[in-house]
Amino acid sequence: CTKASGYRSGSNPRQYAPSKSAQMAWWSERIVRSLLLKSNFFNATPVTGLLINEVSASSSRAVDDFNEHEDWIEIYNSSGSQVALAGLYITDDIRQKAKYRLPDSDLLKISPGGYKVLWADASPLQGASHLPFKLNKSGESIFLIQLIGTDTLVLASLTYPAQLDGYSYARIPDRTGSFTTTSKPT
């Protein structure tokens, strides 16, 4: 007969084990606390001033930090203060609002009036500004999302048409104009 570690000889180990419901309650509480502390999920302030300014879903002339021609999304900060993208979500499928959570990184902070390019290259291991999906050359929608409690806030969105190689879909004039297809990325 093997003695269970941590129990007195002759005692029944079952009498010291918490019930399954008590175990589930304990784990549930720990998970919820962890999520709340980590993301300030319920106390977050809505982010304002971000807009999708330009996208390229087809072999653009722009190259990433690995000298690769990749799909990209340009985010503009129109607010008067720095905005961190960390903790926001970006998706190309509104049914998957939390498709990709942007990581904590100083590289994902945008100064007032500044821009940040996110590389949609399906290579997130290349760095904080690289997304785990590519853009559809045939056209699709992109959403920048913030989750606060049970609320889903779409901070910025764009539906772009089919893309030609080397072209982008941009606001012309930059930041303020209507979207148009251009061979000269802004």
Side-chain angles (χ1 to χ4, degrees), residues 44-94 96-148 151-186:
T45 302
V47 173
T48 59
L50 295 178
L51 58 94
I52 298 171
N53 193 57
E54 187 171 3
V55 299
S56 179
S58 178
S59 304
S60 74
R61 295 179 186 148
V63 294
D64 68 6
D65 38 342
F66 291 87
N67 206 32
E68 299 167 330
H69 295 270
E70 305 287 7
D71 300 348
W72 51 270
I73 303 163
E74 182 185 72
I75 309 292
Y76 173 68
N77 176 8
S78 67
S79 77
S81 58
Q82 185 179 64
V83 175
L85 297 178
L88 300 180
Y89 294 84
I90 192 158
T91 185
D92 59 349
D93 183 351
I94 194 62
Q96 293 180 313
K97 294 173 181 70
K99 182 172 187 173
Y100 183 66
R101 183 180 185 272
L102 294 164
D104 295 333
S105 172
D106 285 341
L107 297 174
L108 293 180
K109 292 180 179 175
I110 309 175
S111 300
Y115 301 86
K116 177 57 62 186
V117 171
L118 300 176
W119 300 99
D121 58 1
S123 300
L125 296 179
Q126 288 186 341
S129 61
H130 293 260
L131 305 175
F133 57 88
K134 291 181 173 268
L135 299 178
N136 188 333
K137 183 179 176 175
S138 299
E140 66 179 334
S141 297
I142 303 166
F143 303 89
L144 186 61
I145 293 174
Q146 183 178 19
L147 300 178
I148 300 178
D151 295 330
T152 300
L153 303 175
V154 176
L155 304 175
S157 66
L158 171 65
T159 299
Y160 63 88
Q163 298 265 291
L164 300 171
D165 286 344
Y167 284 73
S168 69
Y169 191 62
R171 293 176 190 267
I172 308 277
D174 195 28
R175 303 182 314 268
T176 59
S178 300
F179 279 95
T180 189
T181 299
T182 180
S183 62
K184 298 178 183 176
T186 62

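For the single chain, residues carry numbers from 1 onward in sequence order. Computed from heavy atoms alone, side chains included, the values below leave out hydrogens, waters and symmetry copies. Here the structure is a predicted model, which is why all the values come from computation and not from measurement.
You'll find the side chain of E54 reaches within 4.5 Å of the side chain of P185, heavy atoms only. No side-chain heavy atom of K97 sits under 4.5 Å from any side-chain heavy atom of Y89. The closest side-chain heavy-atom distance from P103 to L108 is below 4.5 Å. A 4.5 Å side-chain heavy-atom check between L50 and L85 finds at least one atom pair inside the cut-off. Residues Y115 and D174 meet the side-chain proximity criterion, which asks for heavy atoms closer than 4.5 Å. Side-chain contact between T45 and I148: absent, with no pair of heavy atoms (C-beta onward) separated by less than 4.5 Å. By the 4.5 Å heavy-atom criterion applied to side chains, V83 and T48 are not counted as neighbours. Within the 4.5 Å cutoff, no side-chain heavy atoms of I73 are placed close to those of V117.
Taken to the nearest 0.5 Å, the OG atom of S129 stands 8.0 Å off from the CG atom of D64. Taken to the nearest 0.5 Å, the CD1 atom of I145 stands 15.0 Å off from the OH atom of Y100. A distance of 4.5 Å separates CZ of F179 from CG of L158, quoted to the nearest 0.5 Å. Here the straight-line distance linking atom CH2 of W119 with atom NZ of K134 works out to 12.0 Å at 0.5 Å rounding. Annotation: the span from N67 atom CG to E70 atom CD amounts to 10.5 Å, rounded to 0.5 Å. In this structure, I172 CD1 and N53 CG are separated by 8.5 Å, a value rounded to the nearest 0.5 Å.
Heavy-atom minimum distance, L135 versus S56: CD1-O, 3.7 Å. When all heavy atoms of I90 and K99 are compared, the closest pair comes out as O-CB, 4.0 Å. Residues L88 and A84 approach most closely at CD1-O, 4.2 Å, considering heavy atoms. Of all non-hydrogen atoms in V63 and H69, the two that sit nearest each other are CG1-CE1, 3.3 Å. The two atoms that bring A62 and W72 nearest to each other are CB-NE1, 3.7 Å, heavy atoms only. For the pair S123 and H130, the tightest heavy-atom approach, listed with the atom from each and the gap, is O-CB, 3.2 Å.
Listed for the T159 side chain is no donor-acceptor partner under 3.5 Å among the backbone atoms of S141. Between the side chain of Q146 and the main chain of V47, a donor-acceptor pair closer than 3.5 Å is present. Listed for the Y160 side chain is a donor-acceptor partner under 3.5 Å among the backbone atoms of N136. Within the 3.5 Å criterion, the main-chain N or O of D93 finds no donor-acceptor partner in the side chain of E140.
Salt-bridge annotation for K137 and D71: absent, with no side-chain N of the basic residue lying under 4.0 Å from a carboxylate O of the acidic one.
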Working for side-chain contact (heavy atoms from CB on, under 4.5 Å), residues L144 and L51 = CA-CA 8 Å; L144 186 61; L51 58 94; over 6 Å; no

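Side-chain contact, S79 with N77: a donor N or O sits under 3.5 Å from an acceptor N or O.
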